[in-house]
Structure formats: C-alpha cells, structure tokens
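Structure first, commentary second.
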Amino acid sequence: MATMIAEATGQAILTEEHKQSFLRKYIFSTDHKVIAIQFLFLTLFFLMIGGFLAMMMRYQIAWPDQPIPLGGIFPESMVASGYILPEFYNSLVTMHGSIMVFLAIMPMLVGVYANYLIPLQLGAHDMAFPRLNMYSFWIMIPAGILTLSSFFVIGGAAGAGWTLYAPLSARPDLTGVALGQQMWLASVVLIGLSSIFGSLNYITTVINMRAPGMTWFRMPLTVWALFITAILGLLAMPVLSAAGIMLLFDQTIGTSFFLPEGGGQPLLWQHLFWFFGHPEVYILILPAMGFTSEILAVGSRKPIFGYKAMVWAIISIAFLGFIVWGHHMFQSGMNPALGLTFTISTLFIAVPSAIKTFNWMGTMWRGNLKLHTPMLFAIGFVAMFAIGGLSGIFMASTPVDIYIHDTYFIVAHIHYVLFGGSLFALFGAIYFWYPKMFGRMMNETLGKIHFWLTLIFFNLVFFPMHGLGMVGMMRRIYDASGYRHLEGIADTNALITWSAFALYASGFLFAFNFFWSLWRGKKAADNPWDATTLEWQTPSPPKHGNWAEVPVVYHGPHEYSHPGVTDKDWLAQNERPDVPSPAGGH
Amino acid sequence: MRLDLRNSSAAMFVALGIAACGGGGDAGSSGGGDTGGGAAPPAATIDPATVGTISGMINFAGDAPAMRAVDMSGEPDCAAAYTGGGPMTQSVLASGGGLANVFVYLSGGVSGAPAASGAVTLNQENCRYAPHVLGAQAGQDIQITNSDNLLHNINASPTTNRGFNISQPRAGITSTQKFASAEVMVPVRCDVHGWMGAYIGVVDHPYFAVSGANGSFRIANVPAGTYTATAWHEEYGEMTGSVTVTAGGSADLSFDYSASMAGADVPLGEPLVVGHDGAHTHAGQ
Amino acid sequence: MDWALPPNYSTHGVVIDQLFWIIFWLTAAAFVLVEGGLLWFIFKYRSREGQKAHYTHGSNKLEVIWTAIPVLVFAVLGAYSGTKWAEIKNASGFPPDALQFQVVGKQFEWNITYPGIDRQLGTADDFTVLNQFHFPVNEDIVVNLESEDVIHSFFIPELRVKSDAVPGMVIPVWFDSRQAGEFQIACAELCGLGHYRMRASVTVHETADYEAWLASQATAQ
C-alpha cells in the first residue's frame with residue numbers, strides 16, 4: 001500500500017516536471033525541497049529580526065540612563081527623546097519571544113527540516129500532500145506581515161509577554177495596546193494553521209510513504225523526532241488557536257473567558273496556554289535532538305549508541321510533555337496540592353533527556369571524531385542542552401521555584417534550551433545539509449570561527465543570567481535601578497549586553513558564509529560526509545521527485561565502521577551488505 | 001492549476017492588504033504644534049465686528065470640604081516640592097466665594113466653528129497634572145509633557161473617542177495626542193501615582209474656558225448670538241445657563257454652586273449628539 | 001556582583017535555600033560529568049591517521065543504569081520538595097494565630113490594609129496605606145493577596161516570598177521575618193508599562209516599634 005502510493009506520487013511528479021513554469025517551480029512550488037528552502041530563507045530573516053529586538057532590549061537593560069544610538073529613526077511612540085519607552089520595551093520583550101518561537105525556531109526546525117528530510121530520508125518522492133505543503137508555507141507570509149506591521153499600528157505591538165497572560169492581554173484599557181494584540185493573535189492562528197497542515201503531512205508521509213525495507217526501527221532518528229514532533233504539533237497547536245480566538249473575543253466582542261468581572265478565570269488562560277506551551281517546548285527541542293543524533297553518529301563514525309532507547313526516550317518525552325504544563329504555574333495561585341503532581345511529572349520528564357545525553361556521549365565514546373563544523377555544533381548542543389536541562393531541575397523543585405520563578409534564572413534556562421539547544425542544533429543542521437540543499441559546501445574555516453564565537457559569546461550572555469536570577473532580578477523589567485537587592489548588577493548587565501552584541505555580530509559571519517557559499521562555495525559531492533542515510537545516496541541537490549528509482553532499504557540508519565566492511569567506514573541504508581547482517585540492523 | 005495559482009496569490013494579496021490597512025492608520029501623535037496654551041486659542045480669521053466676549057464667575061456658597069493629604073512619601077522628589085501641610089487632593093478648590101477648575105463651554109446654539117489650531121498643554125509636575133482641568137477643541141493637539149524625572153503614564157479613558165495609555169519615563173519627554181470628537185469629560189490618570197488625575201473637556205469649537213483660582217472665567221471671540229452654556233465640576237456636577245453675546249459686547253454669565261450639591265451625579269464622557277440646528281445637547285435631554 | 005542568593009531572614013526560606021544548594025551540588029556533579037566527559041572524548045577520540053571507531057550499537061546494561069540513577073535521584077528530590085512545598089503553601093497548615101494583612105495589587109501600586117490594633121481584619125480600626133508594608137518581627141504573617149486589574153506577583157527576595165496576585169482570587173501567603181529591617185516588595189509578573197517600578201517598602205519592626213507605628217497611623221487616619 002505504502003509503496004503503491006509512493007510510486008503513484010512519484011510517477012505523477014516525474015511526468016509533471018517538464019511542463020512547470022518558473023512561478024510553479026520556484027515560487028508556488030509543491031516540491032518539498034523548494035518549500036523547505038523557502039522556509040529556510042523566511043526563518044533566517046525572522047531570526048535576524050528577533051535578534052535585533054533582543055539587542056534593543058539588552059541596550060535598555062544595561063544602560064537605562066543613556067539614550068539609544070540612532071533613537072531618532074524610531075517613531076515617537078517607541079523611542080521618545082532618544083529613550084526607549086517602557087511600553088515599547090514590553091513590545092520588544094513580547095515580540096522577541098513570539099518571533100523567535102513562532103516565526104524563527106519552530107518553522108526552521110519543522111518547516112525547513114521536516115519538509116526537506118522526511119521524504120529524502122524515507123526514500124519518498126515527495127510529501128503525501130504536496131499542495132497542502134505549499135499552503136503551509138504561504139500561510140506564514142501573511143502571519144509574518146501581520147507580526148511585523150503590528151509594530152506600526154496605534155498602540156504598538158503586543159506587549160503582554162509572549163505568554164500573553166490575561167487580563168493584561170485581554171484589556172486594551174490597561175495597556176494601550178489594542179490592534180497590535182489582535183494582530184498578534186490573528187498571526188498566531190495563521191501559524192497554527194500552517195503548523196497543523198504541516199503536521200498532517202509529515203505524519204501521513206511517515207506512515208505511508210516509507211521506501212521498501214524502511215521499517216519503523218530502521219528510520220533515522222531525525223525522522224523519528226520529526227514524526228513525534230508532528231504529533232505533538234497536531235495535538236497542541238489547536239489548543240493555542242482555540243485559546244487565542246477566545247482571547248480575541250474577550251478583547252473585541254466583550255466575552256469574558258479570562259476576565260473575572262464577567263465570571264471568567266485568568267488562570268484558565270494559563271492552563272490553556274501552557275497545555276499548548278509545554279508540548280511546544282518539546283516541539284522546539286525534539287527535532288534538534290534528532291539532528292544532533294544524526295550528526296554525532298556521522299561525525300563519530302559510529303552507530304548511534306542505544307538507538308531504541310533513543311526512540312523510546314523521544315516517545316516518552318512526547319507523552320510526559322502533555323502532563324507537565326502546571327510547572328509553569330507553581331506561583332500562579334492555583335491549588336498548591338497540584339504542585340506535587342506537577343513536580344513529579346516534571347522531574348520524570350528529565351529522565352529521557354538524561355538518557356539521551358548519556359547515549360550521545362556513548363556514541364562519541366571510542367569513536368573516530370571528525371570535528372567538522374556540523375559536528376562541533378552537535379557537540380555544542382549536547383554541552384549546552386545539558387546545562388539547560390540541569391538548570392530546569394531548580395524550577396521543578398517547587399520550594400526553590402518560589403524564589404527563582406520569574407527571575408533571570410528562568411531567562412537563562414530557556415535560552416540554554418532554545419538557543420544553546422535548538423539553535424546550536426539548527427546551525428549544525430544548516431552546515432550539515434547545506435551541500436545537499438544547494439550542491440555546494442559552506443566554508444569550513446568560517447564555520448569553525450562562527451562556532452567558537454557563538455559558543456563563547458552565548459555563554460557570556462546567558463551563563464551570568466543564572467547569577468542575576470540568584471540575586472533576584474525579575475524578568476521583563478525595563479530598568480532595574482531603584483531596587484535595593486539589585487544594586488551592583490550593572491556591570492554584569494553591561495558584560496551581558498556587550499557579549500550579546502558580539503553574539504549577534506557573529507550571526508552575520510554565518511549569514512555571509514551562507515550567502516557567499518551559495519555562489520562561491522566548493523562544489524559538493526553527493527555524499528560529502530560519508531553518511532549512510534538515504535538523502536546522501538542521491539545527487540546534490542536532488543532532482544524533482546528525488547529518486548530516479550525508489551531505493552530499497554536493507555538495514556538500520558547508522559552503520560558506521562562495521563567490522564565486516566573493509567573498503568570504507570560506512571554502509572548506506574540502501575547498500576546490500578555482502579557480509580552477515582550487521583548486529584542491530586533489524 | 002492556473003486557477004489554483006491565482007487563488008493562492010489572491011489570498012495572499014488580500015492578507016497583505018489587510019495588514020497594510022492595519023499599518024496605515026493615522027498615528028496617534030504627530031509632534032509639533034505651537035505651544036500657545038490657553039483655553040481658547042485664537043481662531044484663524046476673526047472679524048472683531050461680529051464677535052463678543054463671555055465672562056463671568058463660578059460662585060461657591062458654603063464651606064468647601066477639607067481636602068485630604070496625599071501620601072507622596074514614595075516619591076520624595078515630588079513630596080519635597082510641597083511645603084506647609086504637604087500635598088493635598090484637588091477635587092474642590094474654592095476660595096473667596098469662587099470655585100476653580102470648572103469647565104465652561106457653549107453646549108447649544110453654536111453653528112460652525114473655526115478649525116482647531118495651536119495646541120493646549122498638559123504638564124506633569126511634582127506628581128500632579130497642571131492644569132487639573134483643561135479644555136481642547138476636537139482635533140486640537142494636546143501636548144503632554146513630563147517635568148518630573150520619574151515615570152508617569154498618561155492613561156486617557158474616553159467613552160466615544162479612542163483612548164491612549166502612554167508613558168513618559170523621564171523629564172523632558174513630550175507627546176502630542178488629540179481627540180477626534182467632542183466628549184465632556186475625558187478622564188486622565190497616572191497609574192504609577194494613584195492620586196494623579198486630570199479631566200479634558202473636548203468640544204467641537206473653541207468656545208470654552210476653565211475657571212481660575214478665584215472662580216472667574218472668560219471666553220473670547222464668540223460670534224454674536226444666543227447660546228446655552230454648560231458648566232461642569234468633578235464633584236458638584238453640571239449646570240446649564242443661557243447667554244446672549246452681542247457684537248463687540250461682553251456678556252455676563254455666572255453659575256452658582258454650593259457645598260450642598262456634594263455627591264451630585266457627575267456626567268463623565270457622556271456621548272454628545274448633534275441636534276438639527278448644529279447645537280450639542282446631551283443625549284439624555 | 002556576588003553570584004549569591006541574598007541573605008534570608010524567613011523561617012521557610014531556610015528550607016528553600018537548603019534545597020537550592022542541594023540541587024546546586026547535584027547538578028554541579030552532573031555538569032562536571034557531562035562537560036568533562038565531552039571534553040575528554042573530544043581529546044581522546046579525535047580523528048587520527050589509521051584510527052577506526054569501535055563498532056557498537058549500545059549496551060542495555062548501561063541504559064538501565066543511567067535510567068535508574070536519575071529516576072531514584074528525582075524520586076527522592078520530588079518527594080522532599082513536595083513535602084516542603086506543602087508545608088510552605090498549604091493554607092490549611094498556616095498558623096491560626098498569624099497576623100493577617102490584605103494586600104491588593106493594582107497598576108502600579110501595592111495597597112496594604114492593616115488589621116489595626118485589634119489584630120483583626122474586617123474591623124473598624126483597619127486602615128490602608130499605599131506602598132508601605134510594616135509588620136512585626138518573629139511573628140507569623142499571612143497576607144491575603146488580591147488584584148484589582150491584572151496579574152501581579154508579590155515578591156520579597158530577602159524573605160523568599162513570591163506569589164501571583166490574580167484578579168478574582170484571594171491567595172493566602174504565609175511567611176515571617178526573623179530579623180527587623182528594611183526590604184522591598186517587587187512585582188515579579190509583567191503587569192504593564194509601569195511593571196518595573198511597581199514596588200513598595202517593607203519595614204520589619206521590633207514588636208514595640210510596630211505598635212508605636214500602628215498608633216501613629218491611627219492618629220493620622
């Protein structure tokens with residue numbers, strides 16, 4: 001059945017190829033690879049925007065008494081007499097988080113790599129629903145436009161934090177932000193739609209369109225991670241969309257789902273938001289774990305250590321991810337009896353993450369480590385994600401959370417997970433799959449410089465934030481002066497801000513490498529990393545339809561350094577072994 | 001396939017259009033405007049032969065209630081500015097038989113008015129609004145300034161107009177706002193300093209004034225004619241009277257408030273409707 | 001800047017700090033294990049001429065070990081945290097003779113209602129003061145937190161107190177101070193453009209001084 005669908009789609013795609021117009025081929029394309037590349041450009045753009053907003057925030061926190069350079073180019077409603085206004089600062093906080101989560105990291109993990117890798121790593125010609133796939137990209141465009149233009153409407157962009165806690169988010173009279181907040185909500189509903197379309201597609205494709213021989217436990221861990229992520233997205237995004245629409249109603253037509261004066265409950269918003277929000281955290285990290293597993297196996301020249309444990313860890317994270325949302329709400333005033341339940345589930349969700357970390361180390365153990373740029377970023381991911389995971393234990397312990405909740409300790413934690421984790425893995429993924437996507441290599445020297453600058457400045461930015469949190473600096477404050485317990489943190493904040501500027505600047509080194517290599521990069525071989533998975537067994541870049549002939553899979557995904565193979569240290573998934581079946585390659 | 005393509009791009013352009021409309025609305029503040037101040041700015045062209053002046057008193061009978069002390073200890077810089085008994089509330093300021101901070105405007109009989117010009121000012125000084133009550137013509141620039149080197153926000157909550165809630169975190173920051181349509185009164189407050197409040201009376205014409213410390217007021221350049229005038233006070237409510245203005249003349253108009261009117265129903269931001277003759281009457285009348 | 005928790009003056013804060021440092025040393029050990037291991041592997045197994053990787057698909061024994069150890073550690077930590085949490089937060093366990101205050105958050109101020117000399121809220125001698133919280137040392141305090149508009153968070157770092165104030169809810173919070181002194185209430189939940197400035201002074205008095213202060217307020221009202 002699966003094969004039949006795959007064949008049929010493949011035929012359709014192959015016969016269609018020659019009569020495509022330019023618009024059809026590059027703009028409104030249904031080719032999963034083109035869509036992935038469209039997502040890549042879009043999300044890199046938003047990564048730059050989101051970063052820029054963070055730079056403005058950092059300037060304000062470090063030097064609240066100094067006017068911001070070039071402040072005059074901003075409208076008076078954002079920067080007055082050279083000073084960032086508190087309401088604009090709140091918009092910066094809100095939109096930095098929202099843009100990074102919804103328009104940069106999530107679509108980069110899923111929109112780019114689920115799209116690009118699922119058909120290629122499974123040996124399919126394309127996605128199950130190519131047209132739906134195209135829509136999932138194009139829906140992001142109005143969402144992005146709504147988000148960006150909301151800065152320029154009366155009242156400015158949403159300013160209630162990316163978590164949008166009601167009633168602050170629901171009552172324009174208390175913030176001065178009306179339209180901006182509504183545009184945010186509309187944008188998020190659109191992004192949710194895109195994500196749901198994508199998830200349907202990925203799930204269907206993984207279930208139905210695996211190449212012959214590609215059994216569940218022969219799938220690369222990237223596909224496993226993306227598959228489980230798609231399920232999380234499908235179950236979590238509708239909750240956010242529903243809650244968002246309810247909030248929109250509270251704002252515009254006078255309902256009061258979240259407003260106590262009309263019988264509503266502010267905590268209901270938090271329950272709904274975090275019921276989405278915590279699975280969302282895993283949507284943002286599972287694919288990153290998948291890429292890391294893949295790159296570590298390739299770079300270590302070893303099969304992934306504990307492949308099945310890794311798969312089960314992903315599945316259990318996804319399951320537990322739905323029952324830990326309350327740990328965001330320990331201090332919210334909800335019944336403290338719930339605290340114990342959520343503490344236990346939260347601590348237990350750390351177990352599969354620990355298992356994964358140990359297995360990654362096991363993969364490197366006695367390997368033959370090729371420390372190229374993707375490998376450096378993958379190791380960087382393990383090192384940084386471990387810190388983010390460990391700092392999470394502080395919050396999971398409810399009594400400790402009383403003190404560190406809503407302080408910079410949390411800011412440090414989330415950035416170790418989303419930047420040190422997700423973004424490090426994404427940088428690794430971009431360097432790793434770039435030759436497949438564009439047929440050229442990115443410059444290795446620039447890549448290594450980019451890695452070291454990112455690693456150093458990332459830690460200089462975010463590690464000291466643990467200290468700020470211990471001192472008791474609250475999140476999202478515009479100016480810390482005037483608090484006695486916060487006297488003496490100015491130097492730390494200045495150090496963080498300078499490092500943040502350097503971190504942002506090193507992003508442009510990456511951008512230069514990325515665009516320069518598009519035209520000037522070294523021509524890439526079909527399989528420049530000597531990797532085993534299927535995407536490397538077809539030309540770089542693959543042609544429309546991916547395969548002239550659907551590959552047949554004979555064994556598991558990471559057969560490196562098999563003792564029975566003597567001429568090279570890898571065995572592609574579609575290579576028939578002329579040795580006894582490798583152990584574990586079911 | 002062609003059709004599909006058009007559909008999806010059309011959808012995108014619709015979305016683009018929506019976003020562009022959202023972004024293109026007129027910005028709340030447009031800067032500038034001269035700082036003429038004063039309750040009734042001079043109209044562009046006035047023929048002195050056709051206009052007269054209204055002047056009068058807001059009389060107050062009885063004992064004004066004692067004002068309460070305001071606890072400004074949280075803002076020592078502001079508190080230091082007040083000597084003697086320290087800062088007091090400002091809701092009833094009566095002295096020498098006159099009542100201050102009464103907004104007087106022509107509420108009926110006005111047909112046509114010069115366009116708004118100049119700007120009125122609202123200052124925040126020593127954690128208080130100056131003035132406490134001011135008038136502005138619909139569409140006129142209201143220039144809001146912070147003279148205190150600390151955070152104030154200006155939260156205007158009108159009923160019919162678009163409100164705003166902006167902040168001025170340090171001294172010297174200025175913002176220009178305006179209200180598009182008539183509304184008496186628009187309450188303004190600072191959420192950082194709960195005691196700070198002001199009222200802005202927005203009317204369609206420049207014929208309004210606010211009574212001074214001794215209760216006197218003056219409305220200049222009023223075209224000759226007979227008008228209904230309304231006085232508004234935050235504690236004692238509204239009163240109406242009639243006044244006839246002759247060309248080149250000065251008409252007298254007085255309102256008599258008394259301490260016994262305390263607790264009156266004070267209309268605030270009640271929507272005004274335009275009568276057939278162009279006069280404004282309150283919706284309830 | 002000292003990377004340290006501010007000095008703690010409350011009874012329940014001792015437990016919080018103790019747990020913080022337990023977790024700190026646990027995670028520090030894990031940190032050294034993971035980061036040290038990674039560095040060591042990078043050094044030891046970096047690719048060299050003629051080197052071949054060891055071919056293995058894993059070890060079930062190791063999987064069991066590194067699953068079981070975190071499970072055990074987390075079970076103990078979770079149980080201990082949960083017990084202490086209940087002691088700090090469960091309103092049914094609050095001391096019945098605690099001195100009660102009402103604290104109402106509002107953009108951007110804290111309104112503190114005092115029980116007055118009779119130590120009872122809801123009686124005629126109650127009074128409300130803006131942004132000033134005075135209470136006596138070495139006495140159990142219960143604050144009934146409310147909010148008029150949006151969610152705020154009542155945070156006194158030196159007393160290890162933090163709880164959201166949610167409109168439509170009354171949230172009781174218990175704490176004490178074992179030392180007289182001057183602190184501040186900070187708002188820890190984004191509540192609008194004045195969030196960063198929503199603070200109030202906290203004065204912990206010796207018992208006699210508190211009574212004197214109460215009396216001075218009674219005459220002022």
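Each chain gets a letter, A, B and so on, in the order its sequence line appears, and its residues count up from 1.
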May I ask you to check whether C:Gln51 and C:Tyr45 show a side-chain donor-acceptor distance below 3.5 Å?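 No - no donor-acceptor pair under 3.5 Å links their side chains.
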Say whether C:Ser10 and C:Asp176, considering side chains only, have a donor N or O and an acceptor N or O under 3.5 Å apart.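 No, no side-chain donor-acceptor contact under 3.5 Å.
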NZ or CZ of C:Arg197 within 45° of C:Phe108 ring axis and under 6.0 Å: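 No, C:Arg197 does not lie over the aromatic ring of C:Phe108.
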Does C:Lys162 make a cation-pi contact with C:Phe155, if we ask for NZ or CZ under 6.0 Å from the ring centre and within 45° of the axis?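 Yes, a cation-pi geometry holds between C:Lys162 and C:Phe155.
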For salt bridge (Lys or Arg N to Asp or Glu O under 4.0 Å), just list the numbers for C:Glu158 and A:Arg484, CA-CA rounded to whole Å, side-chain angles, deciding distance to a tenth of an Å, and then say yes or no. CA-CA 11 Å; C:Glu158 295 85 353; A:Arg484 232 167 291 132; over 6 Å; no
Considering only heavy atoms, which portion of [X] lies under 4.5 Å from any heavy atom of chain C: side chain, backbone, both, or neither?
| X | answer |
| --- | --- |
| A:Phe330 | both |
| A:Ala354 | side chain |
| A:Ser300 | backbone |
| A:Val177 | neither |
| A:Thr357 | side chain |
| A:Ala170 | neither |
| A:Ile404 | both |
| A:Asn90 | side chain |
| A:Glu487 | neither |
| A:Ala480 | neither |
| A:Met470 | both |
| A:Leu371 | side chain |
| A:Ser481 | backbone |
| A:Ile355 | both |

Of all of [options], which one pairs up most often with chain A through heavy atoms under 4.5 Å apart?
| options | value |
| --- | --- |
| C:Gln107, C:Lys44, C:Lys84 | C:Gln107 |
| C:His195, C:Glu182, C:Arg46, C:Gln184 | C:Gln184 |
| C:Gly82, C:Gly194, C:Ser81 | C:Ser81 |
| C:Met169, C:Lys89, C:Glu63 | C:Glu63 |
| C:Thr56, C:Asn90, C:Ile88 | C:Thr56 |
| C:Phe41, C:Phe183, C:Trp66 | C:Trp66 |

Specify which of A:Glu87, A:His485, A:Arg301 makes the most heavy-atom pairs with chain C at under 4.5 Å.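 Option with the top pair count is A:His485.
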Pick from A:Leu340, A:Thr346, A:Val400, A:Ile379: which one has the most heavy-atom pairs with chain C under 4.5 Å?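 With the most close heavy-atom pairs to chain C, the winner is A:Val400.
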Considering only heavy atoms, which portion of [X] lies under 4.5 Å from any heavy atom of chain A: side chain, backbone, both, or neither?
| X | answer |
| --- | --- |
| C:Val71 | both |
| C:Ala186 | both |
| C:Ser59 | both |
| C:Ile171 | side chain |
| C:Glu35 | side chain |

Is C:Trp213 atom CH2 crowded by more than 12 heavy atoms from other residues, nucleotides or ligands, each under 6.0 Å away?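 Check passes, neighbour count above 12.
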CG/C:Asp97: more than 12 non-hydrogen atoms of other groups inside 6.0 Å: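 Yes.
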Members of residues 131-145 of chain C whose heavy atoms come closer than 4.5 Å to chain A: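 Under the 4.5 Å heavy-atom cut-off, nothing qualifies.
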Are there residues of residues 18-28 of chain C whose heavy atoms fall under 4.5 Å of chain A's heavy atoms? If so, which?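 Interface residues of residues 18-28 of chain C: C:Leu19, C:Phe20, C:Trp21, C:Ile23, C:Phe24, C:Thr27.
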Please check if the distance between the ring centroids of C:Trp85 and A:Phe342 is under 6.0 Å.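 That pair fails the under 6.0 Å test.
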Could you walk me through whether C:Asp17 and C:Arg160 pass the salt bridge (Lys or Arg N to Asp or Glu O under 4.0 Å) check? CA-CA 9 Å; C:Asp17 288 12; C:Arg160 304 291 188 266; 2.7 Å; yes
